[in-house]
K.L.:
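Pasting in a structure now, in structure tokens, and then I'll have a few things to ask.
Values below: all heavy atoms of this structure, side chains included; hydrogens, waters and symmetry mates excluded. Just so we're clear, the structure is a prediction, and the values are computed from it rather than from any experiment.
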Amino acid sequence: MVEDNQIEAKNSPFAIREGEVKTFDGKDGYVSMNQIVHKINIGHINDLHFSILEIVNEFEFITSRQLCQILTWKNIEYKSQDKLNNKLEQLVKSKILTRYYFTSEEGKGIYRIYCLEKMGKYLLNSRGIECKWQPTDNTKPVAMIKKRLAGNQTILAYLRKVRAFDSYTVKPAITAKTLAKVFKATGGSIKLTKNNKSIIFLFEAVRREEDWENKLVEKIRLYQDFYENFVQGDSGFSALPQLIFICEDEKHMIETFKTIVKNKLEIPQIKLYFTTDLRQNEETLAKTLVDFKLDETTNKYKIEDVELKLLD
């Protein structure tokens, strides 16, 4: 598998492309549970397949590269990415998982996305593993899936590269008290711990989807409500979590920040940090966050890289 720092992409694979659609690449037809049980009994579906299912269930949408990284982190042997792709193909053919790719005017996307099928939920439930998947989950639009993939990549970068990494949550639920609404950070969250002190990073993945600025405004108002009314223990946090926006590229960070300032959506309780998909490919994450600081002499904001030794 190619290492992160060897990737020479100019554009994020998780950025929105014009006219992009999700294309089915799974298996049509019917597969019975008896056929699947037979494959389990003769060893064609084994513990590695079930480990894959658990990870897909946890992350909802995932690429084979991301699966490789999580399996490696969990010390689960899969031999090679080609071998893993063969396992994924078996699960797709058995309608335990299904698969999609993205198509636009530029052509096919370079990767496939895996998610659960009904049989996968039955198998996980048979082992006492909670699975909230329902068929409508697979109908989610391109932008929602790409937010999940960008969030996955960020979580994986932290767990693989930051020594202070403690744990992660794929879909943290947060309560906006005044608005009486529970919402989720689209990029997930990670907990960092050093010298018995911990901090939570909340990641909000922002994509250039249709009407994205207005959608961002609505989402930040929920965050404002949460931070303004925060008391220790709210939504399971012992202290205020740090909010970080994952943007498609450097220009998108500026666009996102401008949208926040123009709509007066700053959150006084915390600093707002920004990053991009491709910044997660750096060898160290110590300088991957960005802050916008007001220059009092020019009364203009300037972009600055933030160096956090905690992220070494």
Side-chain angles (χ1 to χ4, degrees), residues 1-9 11-15 17 20-29 31 35-36 38-104 106-124 127 129 131 133 137-138 140 142 145-146 148-157 159-160 170 277 280-281:
M1 183 172 63
V2 177
E3 294 298 321
D4 287 357
N5 59 2
Q6 296 174 320
I7 296 173
E8 298 181 356
N11 299 311
S12 167
F14 310 132
R17 299 187 296 176
E20 196 166 34
V21 295
K22 182 179 68 175
T23 304
F24 179 70
D25 190 38
K27 177 180 170 61
D28 288 321
V31 177
Q35 291 172 297
I36 293 172
H38 177 67
K39 289 180 180 180
I40 295 171
N41 288 339
I42 63 176
H44 287 180
I45 295 176
N46 54 36
D47 285 344
L48 176 56
H49 292 89
F50 275 94
S51 295
I52 292 168
L53 281 184
E54 287 188 54
I55 294 168
V56 175
N57 177 43
E58 182 180 21
F59 285 85
E60 189 176 12
F61 296 99
I62 198 165
T63 67
S64 63
R65 176 180 169 79
Q66 291 173 349
L67 264 169
C68 284
Q69 291 175 334
I70 299 170
L71 289 167
T72 299
W73 179 67
K74 289 177 176 282
N75 292 316
I76 298 173
E77 177 58 51
Y78 60 90
K79 295 184 179 178
S80 69
Q81 188 163 355
D82 286 341
K83 295 283 187 183
L84 177 63
N85 286 338
N86 290 337
K87 300 291 185 187
L88 289 168
E89 185 67 29
Q90 291 171 346
L91 290 169
V92 170
K93 285 183 176 179
S94 297
K95 297 203 73 176
I96 296 169
L97 292 181
T98 195
R99 181 172 55 200
Y100 296 90
Y101 61 86
F102 298 121
T103 310
S104 72
E106 300 171 24
K108 277 187 181 183
I110 59 173
Y111 57 90
R112 300 292 187 270
I113 312 105
Y114 295 88
C115 50
L116 283 178
E117 274 272 29
K118 182 170 61 177
M119 293 300 189
K121 178 174 183 174
Y122 291 161
L123 290 178
L124 288 171
R127 293 200 168 192
I129 298 165
C131 180
W133 176 91
D137 290 349
N138 293 359
K140 289 182 178 178
V142 171
I145 297 173
K146 289 205 166 184
R148 175 72 275 131
L149 298 176
N152 293 352
Q153 177 182 244
T154 303
I155 288 171
L156 290 169
L159 70 81
R160 294 167 57 236
V170 177
D277 296 346
Q280 311 315 309
N281 293 337

K.L.:
With heavy-atom distances below 4.5 Å as the criterion, would you say the side chains of I45 and F50 are in contact?
P.N.:
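With C-beta onward as the side chain, the pair touches.
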K.L.:
With D25, which residues qualify under side-chain hydrogen bond (donor to acceptor under 3.5 Å, both in side chains), at least two apart?
P.N.:
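Partners of D25 under the side-chain hydrogen bond (donor to acceptor under 3.5 Å, both in side chains) test: R99, R112.
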K.L.:
Given side chains that start at C-beta, do those of K146 and E20 come closer than 4.5 Å, heavy atoms only?
P.N.:
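A side-chain contact exists here, since the closest heavy-atom pair is under 4.5 Å.
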K.L.:
Shortest non-hydrogen contact from N281 to Q153?
P.N.:
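Shortest heavy-atom contact: OD1-OE1, 3.8 Å.
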K.L.:
State whether the side chain of Q81 and the backbone N or O of C68 hold a donor-acceptor pair below 3.5 Å, judged by distance alone.
P.N.:
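Absent.
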K.L.:
Could you walk me through whether I70 and L159 pass side-chain contact (heavy atoms from CB on, under 4.5 Å), step by step?
P.N.:
CA-CA 9 Å; I70 299 170; L159 70 81; 5.5 Å; no
K.L.:
Validate the cation-pi geometry between R65 and Y111: distance from NZ or CZ to the six-membered ring centre under 6.0 Å, angle to the ring axis within 45°.
P.N.:
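No cation-pi geometry.
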K.L.:
Hey, what do you get for CD1 (I55) to CH2 (W73), rounding to the nearest 0.5 Å?
P.N.:
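Nearest 0.5 Å value for the CD1-CH2 distance: 9.5 Å.
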K.L.:
Determine, stepwise, if the pair Q66 / L149 fulfils side-chain contact (heavy atoms from CB on, under 4.5 Å).
P.N.:
CA-CA 9 Å; Q66 291 173 349; L149 298 176; 3.8 Å; yes
K.L.:
For S94, what residues pass the side-chain hydrogen bond (donor to acceptor under 3.5 Å, both in side chains) criterion, not counting sequence neighbours?
P.N.:
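For S94 the side-chain hydrogen bond (donor to acceptor under 3.5 Å, both in side chains) partners, ignoring immediate neighbours, are K39.
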K.L.:
Under 3.5 Å, is there a donor-acceptor pair between the side chain of N152 and the main chain of F61?
P.N.:
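Judged by distance alone, yes, a pair lies under 3.5 Å.
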K.L.:
Could you check D137 against C115 for side-chain contact (heavy atoms from CB on, under 4.5 Å), going step by step and ending with a plain yes or no?
P.N.:
CA-CA 9 Å; D137 290 349; C115 50; over 6 Å; no
K.L.:
Mind checking whether L91 and V56 have side chains closer than 4.5 Å, heavy atoms only?
P.N.:
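Side-chain contact under 4.5 Å: no.
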K.L.:
So which atom in K27 and which in K95 form the shortest heavy-atom distance, rounded to 0.1 Å?
P.N.:
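Where K27 meets K95 most closely, the heavy atoms are O-CE, 3.3 Å.
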K.L.:
Could you tell me whether the side chain of H49 reaches within less than 4.5 Å of the side chain of N46, counting heavy atoms only?
P.N.:
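Yes. Closest side-chain heavy atoms under 4.5 Å.
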K.L.:
Looking only at heavy atoms, what is the nearest atom pair of K22 and I145, with distance?
P.N.:
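Closest pair (atom of K22, atom of I145, distance): CD-CD1, 3.5 Å.
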K.L.:
Determine the minimum heavy-atom distance between E54 and L124, stating which atoms define it.
P.N.:
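Taking every non-hydrogen atom into account, CG-CD2, 3.9 Å.
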K.L.:
Do R148 and K140 touch side chain to side chain, with heavy atoms closer than 4.5 Å?
P.N.:
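With C-beta onward as the side chain, the pair stays apart.
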K.L.:
Quick check for you: to the nearest 0.5 Å, what is the distance between L88 atom CG and I62 atom CD1?
P.N.:
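Answer for the CG-CD1 pair, L88 versus I62, is 9.5 Å.
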K.L.:
Over all heavy atoms of both residues, which pair between T98 and G26 is shortest? Give the atoms and the distance, please.
P.N.:
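Here T98 and G26 meet closest at OG1-CA, 3.7 Å.
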K.L.:
Would a 4.5 Å heavy-atom cut-off, applied to side chains only, mark E60 and V170 as touching?
P.N.:
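Sidechains of V170 and E60: no contact.
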K.L.:
Quick check for you: to the nearest 0.5 Å, what is the distance between I96 atom CD1 and E117 atom CD?
P.N.:
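With rounding to 0.5 Å, CD1 (I96) is 10.0 Å from CD (E117).
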K.L.:
Among T72, N86, N85, whose side-chain hydrogen bond (donor to acceptor under 3.5 Å, both in side chains) with Y78 holds?
P.N.:
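So, applying the side-chain hydrogen bond (donor to acceptor under 3.5 Å, both in side chains) to Y78 and each of T72, N86, N85, only T72 qualifies.
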K.L.:
Does N11, at its CG atom, have more than 12 non-hydrogen atoms belonging to other residues, nucleotides or ligands within less than 6.0 Å?
P.N.:
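Counting neighbours around CG of N11, 12 or fewer heavy atoms of other residues, nucleotides or ligands fall under 6.0 Å, so no.
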K.L.:
Quick one: pull up NZ in K87 and NE2 in H44 and give me the separation to the nearest 0.5 Å.
P.N.:
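Atom-to-atom, K87:NZ and H44:NE2 are 9.5 Å apart.
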K.L.:
Between atom CD1 of I52 and atom CG of L71, what is the distance when rounded to the nearest 0.5 Å?
P.N.:
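Reported value, rounded in 0.5 Å steps: 6.0 Å.
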K.L.:
With a 4.5 Å cut-off on side-chain heavy atoms, are V92 and Y114 touching?
P.N.:
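Side-chain contact under 4.5 Å: yes.
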K.L.:
Atom OG in S12, atom CD in Q280: separation rounded to 0.5 Å?
P.N.:
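Spacing of OG (S12) from CD (Q280) equals 10.0 Å.
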K.L.:
If you define the side chain from C-beta out and look only at heavy atoms, does anything of F59 sit under 4.5 Å from L67?
P.N.:
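They are not in side-chain contact.
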K.L.:
On a heavy-atom basis, which atom in D277 and which in A15 lie closest, and how many Å separate them?
P.N.:
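Smallest interatomic distance, heavy atoms only, reads OD2-N, 4.4 Å.
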